[in-house]
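The structure under discussion appears below in the form of structure tokens.
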Amino acid sequence: MSDAPGFEGLSCPAPLAGHDTVQLAHGAGGRLSAELIDAHVLPRFRHELLAKLEDQAVFELPPGRVAFSTDTFVVTPLEFPGGDIGDLAVNGTVNDVAMSGARPLYLSVGLVLEEGLPLALLDRILGSMERAARAAGVSVVTGDTKVVDRGGCDGMFINTSGIGVVPAGVSLSAASLRPGDAVLISGTIADHGMAVMSVREGLSFRSTIASDTAALGGLVADLLAAAPGLRALRDPTRGGLATTLNEFARASRVAIRVEEGAVPLRPDTAAACEILGLDPLNVANEGKLVAAVPAAEAPAALAALRAHPLGRDAAVIGEVVAGEPRLVTLRTALGVERILDLPLGLQLPRIC
Amino acid sequence: MRFLQEYRDPAPCRALLARIAAATTRPWTIMEICGGQTHAILRHGLDRLLPPALTLVHGPGCPVCVTPLETIDRALAIAARPGVIFTSFGDMLRVPGSRDDLMRVKSRGGDVRFVDSPLEALQLARRHPEREVVFLAVGFETTAPGNAMAVQQATREGLTNFSELVSHVLVPPAMAAILGSPANRVQGFLAAGHVCAVMGWREYEPLAARFGVPIVPTGFEPVDLLQGILSCVEMLERGEAGVENRYARIVKRDGNPSARAVVDEVFEVCDRPWRGIGVIPGSGLRLRAAYAACDAERRFDVGDIAPQEPRECISGEILQGVRKPDQCAAFGKACTPATPLGATMVSSEGACAAYWQYHRRNP
């Protein structure tokens with residue numbers, strides 16, 4: 001019998017391995033950070049430049065002018081019908097680059113993760129980023145991850161920046177529209193915004209509306225080939241089609257006249273907008289482009305859009321006219337013209 | 001959703017417009033009661049297609065517009081309190097109080113959330129028993145049943161952290177006030193279809209008889225609105241007073257009896273100030289004494305409220321159909337949706353906002 005302590009029962013309290021949620025330490029730069037990057041991020045974006053884990057990616061670009069864009073993605077909920085914050089973050093920046101006519105090539109990804117975010121959810125979102133990047137033909141070559149205290153962000157935020165090269169001879173600008181030009185949209189409007197709203201807390205209408213999130217680089221290339229005189233491209237994201245048309249009209253100091261009946265709109269999306277008292281012309285899209293082309297090239301442009309899977313529902317929706325500069329008007333089904341204004345700030349559902 | 005296509009079909013609209021033109025032999029002034037109707041008329045451009053002898057004036061049926069400044073200021077004071085989750089329909093968030101709006105209170109740290117139903121606010125109260133959840137219960141007879149139901153459910157469940165800041169208003173007393181005013185120019189009404197869906201049209205019959213006016217419950221789509229206008233013009237031309245329902249697919253003479261029963265159980269009629277207009281006797285609903293526990297006004301002492309309305313704003317006259325938005329000196333200058341002087345410029349149903357959005361320059 002000894003009163004010496006029994007060391008056999010003791011063990012060093014090693015830190016718990018194997019988390020199922022994001023920990024603050026995942027962003028602290030130590031072993032856990034490395035684990036997060038090695039186990040969750042790198043396998044998704046296999047690229048020699050990224051795998052080097054240098055502080056920067058160093059690469060050559062093909063000749064030509066470079067298009068460079070950045071966008072930050074904050075969306076609630078993180079997953080919604082038709083997509084999630086991951087493919088949104090890839091496609092959004094790819095599209096911003098592509099709207100210059102450029103072929104998107106490289107992306108950076110900055111992740112801001114909230115402490116407690118389930119790793120399974122992070123994996124799903126990284127998986128959809130991987131698929132979206134592959135579909136868009138872009139490589140993620142540099143990135144960064146930070147973790148903030150619980151409450152410091154809403155699950156996760158993603159920043160992406162993108163670089164692409166503009167083909168020789170292509171020069172697109174919202175300021176280059178001229179009277180007589182045709183205005184086209186590549187498909188139905190308001191699907192993304194209504195898909196996100198349909199799953200927002202408390203809104204319990206059943207719907208089959210899915211986000212239209214998609215990378216438009218291929219569609220842009222086809223359109224440029226068919227309509228070399230293309231004046232301007234823009235993706236009508238926040239603020240919807242009405243905002244993009246107003247931006248065009250302001251930048252080019254022209255008037256734009258739109259035919260309400262020509263704007264493609266799914267009946268279920270239209271119905272959801274009615275229920276919430278929202279105008280589909282003000283609701284966000286994430287896989288559509290608005291194009292202005294010289295009238296003579298409109299038929300070829302429309303045919304090129306419609307021949308592409310992402311442009312099947314494309315339509316000519318209006319024309320640039322020599323009216324009051326910077327004014328966008330909408331001709332209603334009854335043939336009356338009214339102003340199509342910029343939406344003011346937030347889209348707020350109505351009382352009744 | 002067939003109704004969207006059928007009731008917006010240009011062919012029946014054109015036929016109705018032709019009948020309205022043929023029926024109109026003299027100038028008439030018709031008021032559409034509901035702000036939703038005002039916006040639909042301007043959005044679809046119907047006002048430009050009517051014969052010049054017909055004038056449409058825009059009524060007080062915009063809940064956001066007529067909610068008294070005092071209620072907004074009280075809401076702002078409650079929303080700024082720690083421990084409170086303040087909930088509201090979306091379009092109340094930007095309505096200016098004396099100095100502030102709910103969005104700005106939110107930006108300074110107030111927990112302000114917009115909900116699509118009072119039952120959503122109730123759900124928040126269940127999930128956050130440690131917080132006080134307050135719902136801003138405004139609107140006409142349309143929203144009253146849902147707001148009453150939330151109070152009923154909270155009481156039944158013994159939820160002690162749910163209350164409503166109630167400022168409900170009623171349509172018929174406002175119509176009587178407009179018709180009784182010496183400045184009145186309204187000769188016929190398109191009654192608000194969705195209010196009538198709840199209340200029916202029985203209560204409009206004595207009004208029509210007393211003031212000798214046609215009152216036509218009307219829907220919100222172009223075909224609905226044109227049918228309502230046609231009926232109203234035909235009655236005016238025949239010199240007829242009375243109620244003719246032109247929203248028959250939704251509105252029954254007795255309305256929705258179960259919705260009315262819930263409202264009657266929870267609320268009682270009271271006098272109510274209307275923003276820009278003043279007190280209209282018997283024009284409001286407040287919580288009955290039995291539901292005082294759910295009354296945010298009793299629950300939160302926010303001291304004296306001394307509301308201050310901007311002097312330039314003529315929303316009161318606009319809401320009574322005395323003047324139109326483009327007849328206001330501040331319209332489009334001092335007062336725009338970005339810098340609203342009155343609620344009629346803020347609400348998605350406000351007449352000034354509708355004029356700004358669709359009409360401010362003649363395209």
Side-chain angles (χ1 to χ4, degrees), chain A residues 76 197-198 200-205 207 209 242 246 249 255-261 265-282 321 323-352, chain B residues 1-5 8-10 13-14 17 34-36 39 42-49 62-64 88-94 103 113-117 119-121 123-124 138-140 142-143 146 192 194-195 222 336-338 346-349 353 356-363:
Chain A
T76 310
M197 259 182 254
S198 72
R200 236 195 43 221
E201 183 183 25
L203 203 66
S204 47
F205 64 76
S207 87
I209 307 165
N246 274 283
I256 298 177
R257 184 187 294 150
V258 180
E259 281 293 330
E260 185 173 39
L265 179 60
R266 287 167 50 110
D268 48 0
T269 304
C273 288
E274 285 295 325
I275 290 169
L276 292 179
L278 301 177
D279 188 337
L281 293 161
N282 296 339
V321 292
E324 185 185 336
R326 300 187 295 271
L327 188 65
V328 182
T329 58
L330 185 79
R331 229 163 69 95
T332 69
L334 286 166
V336 181
E337 253 187 82
R338 66 149 167 99
I339 293 173
L340 178 58
D341 205 358
L342 282 174
L344 185 90
L346 278 180
Q347 292 283 290
L348 298 170
R350 280 196 355 214
I351 288 188
C352 63
Chain B
M1 277 279 181
R2 280 187 327 153
F3 81 91
L4 286 182
Q5 287 140 30
R8 288 179 188 179
D9 186 350
C13 287
R14 291 205 186 93
L17 282 161
C34 174
H39 268 257
L42 272 76
R43 178 176 162 200
H44 297 289
L46 302 183
D47 54 324
R48 311 268 187 91
L49 299 168
C62 161
V64 171
S88 164
F89 291 125
D91 51 0
M92 288 303 290
L93 298 190
R94 288 195 57 249
M103 279 294 198
R113 307 184 190 188
F114 78 81
V115 293
D116 298 300
S117 150
L119 301 180
E120 214 178 302
Q123 189 58 35
L124 282 171
V138 299
F140 285 86
T142 334
T143 46
H194 292 154
V195 169
T336 69
V346 178
S347 163
S348 55
E349 292 178 58
W356 171 268
Q357 198 176 345
Y358 302 124
H359 251 201
R360 68 180 179 277
R361 283 159 297 185
N362 261 349

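The structure displayed is predicted, hence computed values, not measured ones. Convention: sequence-line order gives letters A, B, ...; per-chain numbering from 1.
- Listed by chain and number, the residues in a side-chain hydrogen bond (donor to acceptor under 3.5 Å, both in side chains) with B:Gln357 amount to none (sequence neighbours excluded).
- Among all heavy-atom pairs drawn from B:Gly45 and A:Val336, the shortest one is O-CG2, 3.4 Å.
- Taking each heavy atom of A:Ala333 and B:Arg8 in turn, the nearest pair found is CB-O, 4.4 Å.
- For the pair B:Arg48 (side chain) and A:Glu337 (backbone), a donor-acceptor distance under 3.5 Å is present.
- If you measure heavy-atom distances from B:Leu119 to chain A, you find no contacts under 4.5 Å at all.
- Of all the heavy atoms in A:Leu334 and B:Cys13, the pair that sits closest is CD2-CB, 3.3 Å.
- Heavy-atom minimum distance, A:Thr332 versus B:His44: OG1-O, 3.3 Å.
- Scanning for side-chain contact (heavy atoms from CB on, under 4.5 Å) contacts around B:Thr336 gives B:Ala338, B:Thr339, B:Trp356, with sequence neighbours left out.
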